[in-house]
Asker: 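First the structure, then my questions, so here it is.
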Amino acid sequence: MMSIKAFGIVSSPDNSVHVEGLQDYRPIGAFSFLGRFRVIDFPISNMSNSDINRIQVYVQSRPRSIAEHVGSGRHYNINSKRGKIQLLFSENSSSRSIYNNDISAYLENIDIIQRMHQEYVIIAPSYMVYKQDYRQLLETHVASGADITLLYHKVDNAREYFKNCHTLSLNRQKGVQSIGKNMGTAKDKNIFMETYCMKRDTFVQLVKAASWESSIYTLSDIVNIKCKDLDVRGYQHRGYFATLTSLNDYFNASLELLNYDIASDLFRAEWPIYTRTTDSCPTEYFESSKVTNSFVSNGCLIEGTVENSIIGRGVVIKKGAVIRNSIVLAYATVEEDIRIENAILDKWAHIIHAKEIIGEPDAPQYIKRQDTL
Amino acid sequence: MMSIKAFGIVSSPDNSVHVEGLQDYRPIGAFSFLGRFRVIDFPISNMSNSDINRIQVYVQSRPRSIAEHVGSGRHYNINSKRGKIQLLFSENSSSRSIYNNDISAYLENIDIIQRMHQEYVIIAPSYMVYKQDYRQLLETHVASGADITLLYHKVDNAREYFKNCHTLSLNRQKGVQSIGKNMGTAKDKNIFMETYCMKRDTFVQLVKAASWESSIYTLSDIVNIKCKDLDVRGYQHRGYFATLTSLNDYFNASLELLNYDIASDLFRAEWPIYTRTTDSCPTEYFESSKVTNSFVSNGCLIEGTVENSIIGRGVVIKKGAVIRNSIVLAYATVEEDIRIENAILDKWAHIIHAKEIIGEPDAPQYIKRQDTL
Amino acid sequence: MAQNEMLAMILAGGRGSRLKDLTTKVAKPAVFYGGKYRIIDFPLSNCANSGIDIVGVLTQYESVLLNSYVAQDGRWGLDSKDSGVYVLTPREKADEGLDVYRGTADAISQNIDFIDTYDPEYLLILSGDHIYKMNYAKMLEYHKAMNADATIAVRGVPMKEASRFGIMNTDGKGRIVEFEEKPAKPKSNLASMGIYIFTWKPLRKMLVEDMKNPNSNHDFGKDIIPKMLNDKKGLFAYEFKGYWKDVGTIDSLWEANMDLLDPKNPLSLNDSSWLIYTEDVSTLPQYIGNDAKIKCAYITQGVRVEGSVTNSVLFTGAVVEKGAKVIDSVLMPGVVVEEGATVTRALVAENVRIGAKARIGSKNSENIELVAKNVKGGTK
Amino acid sequence: MAQNEMLAMILAGGRGSRLKDLTTKVAKPAVFYGGKYRIIDFPLSNCANSGIDIVGVLTQYESVLLNSYVAQDGRWGLDSKDSGVYVLTPREKADEGLDVYRGTADAISQNIDFIDTYDPEYLLILSGDHIYKMNYAKMLEYHKAMNADATIAVRGVPMKEASRFGIMNTDGKGRIVEFEEKPAKPKSNLASMGIYIFTWKPLRKMLVEDMKNPNSNHDFGKDIIPKMLNDKKGLFAYEFKGYWKDVGTIDSLWEANMDLLDPKNPLSLNDSSWLIYTEDVSTLPQYIGNDAKIKCAYITQGVRVEGSVTNSVLFTGAVVEKGAKVIDSVLMPGVVVEEGATVTRALVAENVRIGAKARIGSKNSENIELVAKNVKGGTK
C-alpha cells in the first residue's frame, strides 16, 4: 500500500451514547456486525484501503475485545513495520462523567499525536458503518483550501431515525454554518458522520482550544464554534450508512443488509472489509434445516428454521427451532422447538427452557451474554 | 514449541506498590530494563521458553505501553494461531482503592480463565526479574502431589532490601506454613517471588474464596489462610533475582548487572529473553568518546564519557558530557559538558542548562519524562 | 529450549496426475478440500498444533501457486520469531548442476544443509497430500519412549486390502521386524502412512551414504527403511486410529468431501482444540436467499445460495442461482451454477461457470464427473 | 485498492564471486553490511517503506540461506494479509525441463505466471546487492507523469569513470535517446543503476517474444532496453542523488562499512522516517568493559568490547577481548578477537576466531585482508 499524507484516528463515542444490553459487555466498535465482522472493521478497513498506514484507535471502557480483535493489525493489511495500529486508552476510561469525552482522550495522548510524521489527520467514528475512500476526501479537502472538511450523509427520514446524531447546516457552497443536534423536527437533514479531515496542527489547536474553553467541550462542539472563524466544509457521502448508537439502530441497520443488493454494494471485491479470522470450519446444514433470506457465518450446526436473520459463528440451532427476524451472536445455542422472533441473542446465550422469545420489529428483545433461559 | 499442560498468568502488582517517578508514566512491567528490554519481557520469555503458549497478561492503569510492547506476541516466539498472549484489563483500573487488587482483576475475567483448556496455571509477576524453567516447576509440583507450589528465593540481606516483599515460612519438608511481610527484622529470609503453580480449578476456587471472605483479600492473603487446609509447598529459585518495587530496587538491580558474569548468566543463548525490536541502527562512537563498564543500546550517538551506566536506545551524549553510575532511558539527550551521576533520566529527557545532576548511590536522582532541564 | 527439537519436512512434490485437470495447474497438495481448505493445510496445521516451529516444504513440478501458498506461514501461526515455513525446491549448487529430486530420501538429502541450520534432534517426514488430524508430539513421545531410530505411523487396513499397501510386520511389541511393499500374502494389516520420525544424526549419516550409492532409488520405502531393518536398527510402528484419507482420484476426493456431511464424521473440523487453519478471505458470510432450499450441506463464507442444494459441499464464493439444483456434488471456489441448471454427482473445478439450464452428471453414474471447463447453457 | 499497483522483483541470483570466501556459502545479497544488516535488507526495506506489498526474490546458486532469510517477510513488515516476500527459484514445469535463469529478462519471463497472479499495472525490477535508500513510490510518480513505458534510475558518475558503466544519453528532458554499455567516449555521465519500472502489459508482451528469440541473451541491458529504444518506446531516466554503492569487491565492501563512521554519512541509518529493517536478535545490549577504549566505531547489540576499537564496524556478537586491538576493520557476526591480538585493515568473516596475540593485516597494506578462517594464536 502506498502511504498518504494523513494518519487516521478511530474515535470512541462520548458517554451520551449507550446501547442497551450489548454495550454492557463491549464498546460499540467491538459489536459483532453481520455475523463475521465487528463494527470497528469498517473504519479501519476504510483507512487501510485508503492507504492510511498509521492509525490510532481510541478505546474507553472494556478495551479487551477491541484490543484482541485489532491486535497487531496485520489482518487489516497494514505493513507491520512501516505502519502501525496503536491503541490509545484514556485514563478516565471507566468513569461515566461528562468530562470523559473525546477531547480529554486526545489531550491525554497529545504528545503522541504531535509526534506523528503525517501532515493531515482523518478522524472516523468506531460506531458508524459506511464505505468511504479517504483519499478522495483528503484530495478534495486539500484542493478546496478548507481548514476542516466534514463528511455528511443526506437523509430524508431524520424525523424517525438518527435521533442521537449531529446535523450540519450547509450554505450553497457547502460551507458548514453550524453543527446541531437532530431533534427530529424535519425529515430532510444532513447527518454529520463524525468524520473529519484537517491538518494535524489544526487538530492539535482545536483540542487545546476546546480544553481551554470548557472541560466538557467535545470535538464537534469546538468545530461548531470555530465555524465562524475557520473555513469548514461538508463532503457528501453516498451509499449505505448506519449509525449504531441505539439497540434499534443496530437491529435495523443489520437487517437492512439482508437485501443482498445493499449488502453487496457495501462489500465490494475492490474494497475489502478486513476482519480477524477465527478459523472456524464451514457451516453444516442437516436434513431438517430450512434457511431463507439470511446471512450465516461459519462453524454453525443448523437443523432448524432460520428466516430473515443474521447468524454468528458457531451457533447451534436444533431441530424444530425457529429463528425469525433476529440476530444471533456467536456460540449461542437454541434448543429444540424454541421460537425466536425480533430478538438479539448475545454471545454464548443458551435457550433451553423459554419456549418463545418474541420482540417487536421496532423493539427487539435482547438476551444477555451467557444467559441460560 | 511443544505445549505443556499449563497456561500462564502475568500478574500486576497491587496498589501498595508505587515506584516514584517512573511509574507515573507506565506500569512496572513496561519499565525499560538494561536498555533494550522491558521488565515484562522476563516473565513472558520464561513462559515461552517453558513451552507455555497461552498467556494472560493483567494490566491495570496506563495500559498503552504494555499493549504496544506485547502486541500480538509473535516476537515472544509463540505460535500465533495455536497460542495467544491476551491482555486482560480490570475495569477499576484507574482507581487506587484497596479493593482494586489482583483478586478483583481475576474475578472480572473469571469466565475467560474457566474457558482455558489447560489443566494447570503458572502465575508470575510482571514486576520481578528472574530466569526460571516453569516446566521444572510444574513437574515438581505434579510429582509432589501438592495443591499449590510457590517459588521463593533465599536471601541474606533481607534487613536492607526486599522491603516490600512477602516471605515464606517453611517447614523441613518445604511445606509453607505461612506467608508474611518482610519487616526487615532478620537478614535470612525466603523471599516469595509471587509465582504460583497450581491446578486451574484450585486457582478459580481460591479467587472465589478470597472474594467471599473479604473484598480486600489478595491472592497471597488467601493462600496464606489456606496454608492450614491445603498442601502448599515452596520451590527454591537460584540465580539472579530482582524485585522492582521501588526506585532504589530498580536502580540497584540494573547496575548489579554491569557485572558481566551476572548479566551473562541471566541472558543465556538457550534461554533467550525476547523483546520487541525498534529497528534502530548500531550505535556510533565518535573520536572523543570514553565508555567503560556500561551497557549501551543501539541507535546512540556518543561523543562524551560514560562509566558504570546503562544507556537506552537512541540516546545522544554530547562532547564533554559525563555520565556516571546512571540509567539513561531511550531518546534522552545530554548536551555538552554536563555531569550526571547516580541519576535516572526518563525517556526523552533533554539536559541542556543544568550543569550537574547528582544523586546518591542509595537515593538516585530521577529526571521526568520529556523534561527539559 | 525445545523449539528445534523436531523439524518437519513435508514431501509435496507429487504430480497427482490421477486427479486429472485439477492438477494441471496446481500440485496435488494445493488441491481444495472440505469447503475452505487445501489438502496441505492438514499436515501444516497438524505441525502448528503439535508445537513444531520449523517446516520445510519440498516441492517440484508446477508449484508456483503451492510455493506462494505455503510461504504465507502466518496462515498456520508459523510466523513467530523463530518459526517458519520454508519452500525447498531442487536447486543448483556452486559445484553441481541443477537437479530434480530423485526420490523421497533424495529430497531430504538435498536439503541437509537446510536441516543442519536448525540442528534438530529429530526429523519428522510427512506427505503433503493426506487428510487427517494427528498429534506428532505424541508420536515423538512414543519414539523417545521406545528409544527408536525410526518410528513409522501405521494404520490398520482391512486384511483383504492389505496387499495394496506397504505393510509393516511387528513383533507384537511395536518393533518392526519386516516391511513388505504390496505383499501378495500380507502377514499383518498395518499399512505405512508415509509418516516417519527419525533420530536425525544417524539418519543424516545414512542419507550421505545413500546419495553416493548408484544402485539406490533414494527412496525411504525402497532403500532407507529396508537398509535400517537389515542393519537391525530400532524401527517402531506407531498405530494411528483416526480418520485418514489419501485422495488419489477424483472419486476419492469427492468421497472425502462427502464424508463431511456425516454428522458423526470423525474428522470433526469443528473441534476447537485442534483447528485446521487455512487462507483467510475477505467476503460476506454465506447468504441464503429467499427461495433457497438446503438439505445436508457443508457451506462456507462467501457462498450465495438462491437455488437448491442437497448433499453437497460448497467452497468460498460459489453461487447457486435461482432454480438451480446442486445434488451430491462439490463446487470449488468461485463456481457459478446459473439459473435452472442442475449439477448431480459432479466435482466442479475452481471458477467454472455452469450455464443456465445446463445439466451436469447423473444420479446413477458410476464415476463422479469432473467439470474443469465452463459449460454452456442448456436449452431445456 | 492500490496494493498491487506495482509489484517488485529483486534479482538476487548473482554469485558475487569477487567477494571470494564471503560468497562461497551465501549468495551476495546475503552478505553482511553495516553492523547488523545484510545487503538485501536495503532493497527490501525500501520496498516496505515505499508501500510495495508483494516482492518476488529471484535466486539461484547457493541460496538456501538467502531463501530462508527473505522468506521471513515479517522482518520488513511484509507479512500483513495481502503482503509477502516470495522466493522464486528456477523450476521445472509439467511440460519442460528444469532450467536456470539465462539472463535478467529470462528470470522475469520464467515468473510471468507468478506476476500474473497479482495482475499489477507496473513492475519494479531491482538488484539484490546494492546499498542505498530510495523511495520507489516517487519514481513511480515520475513514471506516470512521463507516461513512460520504462523508467530507469540513473546516477551521475564522474565523467572520467563513465566508460566503466552503462550510460544513458537523454534528450535533456529525461527521455532516453541512447543507451551505451561501457562507451569508450561517453556522451553523458548518467549511469544506469539497474533499477527499472516497466508498465507491465507491454513488457509482458516483449518478454514473451524475447523468450522465443534464439539470438537473445534474455537480458534487460543487452536486449530489452535496446529493443525498446529501437521501437521508439518512451524510456525515461530518473536521476537519483543519494548514497549508492555496489559492493563488488572486498575493498569496496570494507569501504562502504567505513563510510558509516563519517558523522556526515549521507546513508544516515539513524533516520527514523526511513528505517532499514533486518533480522531481530535476542542478545544483551553491547557491553563495553572496564578497560575498553573505543574511538570512532559503529557497534551493535550483543557485542562485547574489553579491548580497544578504533575506526571499525562490529557486528552482532563480536567480542574484542582484553588487550586486543581492532583498527580500521570490520568484524562480522560472532567474530572473537582473543586477548592481545591485533586486527588492522581487515574484514573478518562470520564466526571466525582470531587467536590470542595473533596479528592480522597491516596499517599500510594496499588491499584489505579478508580473514575467512580461524587464526591460531600468535607468540608475540
Side-chain angles (χ1 to χ4, degrees), chain A residues 1-8 36-37 41 44-55 69-86 112 114-119 131-136 138-139 200 267-279, chain D residues 1-8 37 41-55 70 72-85 118-122 124 133-145 197 269 271-280:
Chain A
M1 145 205 314
M2 305 290 172
S3 54
I4 62 167
K5 282 181 287 191
F7 70 99
R36 68 179 301 239
F37 302 94
D41 292 334
I44 297 179
S45 297
N46 282 336
M47 288 182 180
S48 173
N49 290 332
S50 303
D51 297 341
I52 293 176
N53 65 18
R54 284 298 302 264
I55 301 174
H69 185 72
V70 171
S72 63
R74 290 161 64 218
H75 47 293
Y76 296 112
N77 206 30
I78 289 172
N79 182 292
S80 55
K81 288 283 183 185
R82 180 75 181 171
K84 181 159 147 187
I85 299 191
Q86 194 168 28
I112 296 172
Q114 286 178 313
R115 272 203 299 273
M116 299 299 284
H117 286 296
Q118 292 80 0
E119 189 179 352
K131 190 178 75 190
Q132 174 67 45
D133 188 335
Y134 293 128
R135 288 171 300 200
Q136 288 168 5
L138 179 64
E139 265 169 41
R200 184 199 55 215
F267 293 84
R268 303 181 75 94
E270 76 278 10
W271 199 262
I273 304 301
Y274 302 107
T275 190
R276 173 180 287 275
T277 177
T278 57
D279 302 299
Chain D
M1 199 168 54
Q3 59 192 29
N4 292 324
E5 191 180 15
M6 184 159 77
L7 217 71
Y37 309 97
D41 289 330
F42 288 82
L44 282 168
S45 300
N46 287 339
C47 284
N49 289 330
S50 301
I52 292 167
D53 292 338
I54 306 281
V55 182
V70 303
Q72 288 281 40
D73 45 19
R75 287 176 178 147
W76 307 278
L78 291 165
D79 57 346
S80 66
K81 187 169 178 302
D82 296 325
S83 302
V85 176
Y118 300 97
D119 191 24
E121 268 186 77
Y122 305 99
L124 171 66
K133 300 200 293 193
M134 182 171 173
N135 190 340
Y136 307 129
K138 292 223 168 120
M139 181 168 165
L140 178 61
E141 269 173 36
Y142 176 84
H143 179 87
K144 286 185 197 168
I197 290 178
L269 296 173
D271 176 6
S272 69
S273 73
W274 202 272
L275 291 170
I276 302 302
Y277 314 112
T278 186
E279 183 178 10
D280 183 22

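Just so it is clear: chains get the letters A, B, ... in the order the sequence lines come, proteins before strands, and each one is counted from 1. Worth knowing before you read on, the calculation uses all heavy atoms, side chains too, and leaves out hydrogens, waters and symmetry mates.
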Asker: Would you say the side-chain atoms of A/Asn77 pair up with the backbone N or O of D/Asp82, donor to acceptor, closer than 3.5 Å?
Answerer: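 Present.
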Asker: Looking only at heavy atoms, which two atoms of A/Lys81 and D/Trp76 are closest? And how far apart?
Answerer: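 Smallest heavy-atom distance, with atoms named: CG-C, 3.5 Å.
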Asker: With heavy-atom distances below 4.5 Å as the criterion, would you say the side chains of D/Ser272 and A/His117 are in contact?
Answerer: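 A side-chain contact under 4.5 Å exists here.
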Asker: Restricting to ring pair (Phe, Tyr, Trp, His ring centres under 6.0 Å), what partner residues turn up for A/Phe7, sequence neighbours left out?
Answerer: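 Partners of A/Phe7 by the ring pair (Phe, Tyr, Trp, His ring centres under 6.0 Å) criterion come out as none, since no residue qualifies.
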Asker: A/Arg74 side chain to D/Asp79 main-chain N or O, any donor-acceptor pair under 3.5 Å?
Answerer: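 Side chain of A/Arg74 to backbone of D/Asp79: a pair is present.
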Asker: Could you tell me which non-hydrogen atom of D/Lys81 sits nearest to which non-hydrogen atom of A/His75, and how far apart they are?
Answerer: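 Residues D/Lys81 and A/His75, closest heavy atoms: CD-O, 3.6 Å.
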Asker: Give the minimum heavy-atom separation between D/Gly74 and A/Ser80, together with the two atoms involved.
Answerer: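 Here D/Gly74 and A/Ser80 meet closest at O-OG, 4.4 Å.
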Asker: Could you tell me the separation between the CG atom of D/Asp73 and the CG atom of A/Asn79, rounded to the nearest 0.5 Å?
Answerer: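 Going from CG on D/Asp73 over to CG on A/Asn79, the span is 10.0 Å.
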